[in-house]
Amino acid sequence: MRMSSLFLRTLREDPADAEVPSHRLLVRAGYVRRVSPGIYTWLPLGLKVLRRVEEIVRQEMDAMGAQELLFPALLPREPFETTGRWTEYGPNIFRLQDRKGADYLLGPTHEELFTLAVKDMYSSYKDLPVTLYQIQTKYRDEARPRAGVLRGREFVMKDSYSFAVDDAGLDKAYDQHRETYIRIFDRLGFHYVIVAAMAGAMGGSKSEEFLATAENGEDTYVHCPQCGYAANVEAVRVPAPPALDFTTTPAARAEDTPDTPTIAKLVDVLNARFPRDDRAWAAGDTLKNVIVKVTHPDASTEVVAIGLPGDRDVDEKRLEAQLEPSTFEVFDDFPSVPQLVKGYIGPGVLGAEKDAKVRYLVDPRVVDGTAWVTGADVQGQHVLSLVMGRDFTVDGTIEAAEVRVGDACPNCGHALEAARGIEMGHIFQLGRKYAEALGLKVLDENGKLVTVTMGSYGVGVSRAVACVAEGNHDERGLIWPRQISPADVHVVATGKDEEVYLAAEDITRGLEAAGLVVLVDDRRKVSPGVKFKDSELIGVPTIVVVGRGLAEGVVEIKDRRSGEGRSVPVESAVAEILAEVRGTSA
RNA sequence: CGGGCUGUAGCGCAGCUUGGUAGCGCGCCGCGUUUGGGACGCGGAUGUCGCAGGUUCAAAUCCUGUCAGCCCGACCA
């Protein structure tokens with residue numbers, strides 16, 4: 001690639017609409033250009049990087065035995081109608097019609113198509129397991145595309161799907177993907193964590209996300225510095241403490257606590273009128289009961305009470321993940337359930353078997369023997385020393401309370417910390433949801449029809465480009481890892497003497513003969529300063545300067561990341577550069 | 001979808017308060033001088049001032065509407 005003719009224009013200033021470093025630098029250095037919100041053109045340098053990422057993903061997928069194919073991006077409505085996603089996906093789908101008025105969509109993901117392809121071609125357990133993948137452009141009409149190519153409405157994704165006759169086969173495919181993803185993300189040069197994610201309603205299935213660690217990442221996760229546990233907030237399991245002995249706990253008693261509609265006021269009143277011997281009352285001593293209205297997929301509704309320590313709020317995302325596929329909203333129709341006294345709701349009226357028919361689920365911290373201050377179901381009264389398992393029972397537990405930094409790690413009990421990341425990959429045991437909906441069954445060895453079980457696995461390929469840029473830059477520009485740099489070496493010729501350009505040509509030819517991709521700055525009448533700035537902005541890891549040193553018979557090899565350089569004789573330059581690029585000593 | 005900000009040359013921006021010849025820097029073209037850290041001189045090209053309507057002798061500027069973008073939040077790979 002010759003800079004004198006390369007389709008490239010670098011920008012001296014940051015584009016006004018770019019905020020995050022990867023977006024700024026990819027635009028400034030001439031890798032991408034915006035066409036429309038969340039829709040980008042890949043310029044020659046950017047496309048080189050994208051292709052190299054693709055190739056790494058492809059090599060590793062092939063190595064695990066997955067087979068590549070390619071579905072259309074333009075898809076008919078029907079399969080998505082069958083699985084319900086035509087409506088479920090809502091406004092996130094790009095929809096269009098053909099000349100006859102038939103509905104189409106631009107594929108946001110391809111579970112339906114893969115499932116139907118296997119159904120179309122296979123019908124025996126002998127054909128399974130099989131894993132298929134594609135590297136393809138996806139479309140999602142994001143509410144808010146941002147950060148350039150990091151979160152686009154059109155993006156390149158590798159998606160793969162595994163098909164197996166039984167759960168053991170699914171587990172195996174899942175584990176293979178996990179190992180393959182580790183290899184892929186290691187090769188791409190990421191710092192990443194694997195976090196436990198919510199698998200949704202298909203009980204017992206596994207799901208993990210690969211997050212590139214990034215301060216301005218969009219996803220928050222918690223992790224344990226002691227044992228390495230990491231999880232999405234939605235997926236954190238609160239460890240249940242052991243049951244307590246309550247033989248010495250005094251009997252429950254109802255007390256007047258007027259004007260205490262909030263936990264804070266209740267705590268004040270408790271400390272003023274019923275002080276404890278050992279310490280002051282705190283919000284965590286109270287049991288707060290939050291009422292929600294749950295809507296099930298069949299459109300039936302149910303009122304549910306969630307009991308949790310008074311110092312915590314309900315985390316809507318966690319609750320939603322627990323209830324999926326049902327949805328919930330805050331309950332406000334108190335007149336319809338007269339047993340519920342707003343502000344003073346207690347376990348006395350809660351429970352599926354009681355008159356109010358309000359199912360009662362509590363936080364896992366509410367274990368047998370724990371004593372609480374909670375509503376007495378009478379206006380202006382609370383109950384003290386109400387003991388779980390002695391004075392009240394519940395219908396079950398639910399993970400709906402907010403997770404906080406400092407909470408105990410479910411694995412080892414150490415305090416959890418929070419961090420942010422960018423989702424780069426997701427592996428997910430789908431189970432039989434799509435196979436059932438679309439009728440993918442095979443005959444097993446007994447001649448009986450069994451529903452196939454599936455996994456789905458994704459890697460954000462175009463996102464990976466931005467994500468690597470996000471993690472590999474300095475104030476001067478990009479710094480690509482060797483594996484995905486648009487070129488192996490950037491040869492910069494400076495000066496006006498024809499000899500430097502001839503020498504640069506020689507070196508370039510020598511490197512290309514050895515199989516390297518070389519970007520050579522052969523622009524005449526461009527000052528050295530401009531060329532140096534451009535080379536640092538573009539970010540090829542090894543920069544070779546052919547300039548004034550040539551008079552003494554040397555050229556300079558510079559490492560973009562460290563900034564360190566060394567002079568080598570021009571005769572041995574090619575060998576020295578090859579050694580540098582290949583990581584061997586000359 | 002809610003809140004805030006912004007739309008003027010390829011890029012970054014000024015001009016708008018107080019209506020009257022559309023500007024600056026970078027980039028681009030020509031000539032010359034320069035060539036190790038975004039050089040300099042001289043000359044030049046490039047505009048639907050987001051769009052539509054209105055007020056006015058006259059609108060980038062004032063009014064109304066509308067579209068788009070960015071940021072924060074909600075939501076989402």
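It should be emphasised that the depicted structure is a prediction, and the values quoted were computed from it without experimental measurement. Chain identifiers are assigned alphabetically (A, B, ...) following the order of the sequence lines, protein sequences preceding nucleic acid strands; residue numbering begins at 1 within each chain. No hydrogens, no waters, no symmetry mates; every other heavy atom, side chains included, goes into these values.
Of the side-chain N and O atoms in A/R9, none sit less than 4.0 angstrom from OP1 or OP2 of B/G10. Phosphate contact (OP1/OP2 of B/A39, side-chain N/O of A/S527, threshold under 4.0 Å): present. Considering only side-chain N and O atoms, A/K533 lies nowhere under 4.0 angstrom from the phosphate OP1 or OP2 of B/G38.
Taking only distance into account, the side chain of A/D534 meets the base of B/G38 through a donor-acceptor pair shorter than 3.5 Å. For a distance-only test at 3.5 Å, the side chain of A/K525 fails to qualify as a donor-acceptor partner of the base of B/G30. Within 3.5 Å, no donor on the side chain of A/R34 pairs with an acceptor on the base of B/G10, nor the reverse.
For A/E13, counting side-chain heavy atoms from C-beta on, the closest listed nucleotide (B/G37, B/G38, B/C11) is B/C11. Among the nucleotides B/G38, B/G37, B/C28, the one closest to the side chain of A/E536 is B/G37.
Rounded to the nearest Å, the gap between the P atom of B/G69 and that of B/U8 is 14 Å.
The cationic group of A/R95 lies under 6.0 Å from the six-membered ring centre of A/W86 and within 45° of the ring axis, placing it in a cation-pi geometry.
Using a 5.5 Å limit on the distance between ring centres and a 30° limit on the angle between planes, the aromatic ring of A/F155 counts as stacked on the six-membered base ring of B/A77.
A/R560 has a carboxylate O that lies under 4.0 Å from a charged side-chain N of A/D474, or vice versa, which qualifies the two as a salt bridge.
Aromatic ring pairs are classed by plane angle as parallel below 30°, tilted from 30° to 60° and perpendicular above 60°; the pair A/Y40 and A/H23 is perpendicular.
Rounded to a whole Å, the CG atom of A/D497 is 10 Å from the P atom of B/G36.
A donor atom on one side chain and an acceptor atom on the other are not found under 3.5 Å apart for A/S4 and A/R523.
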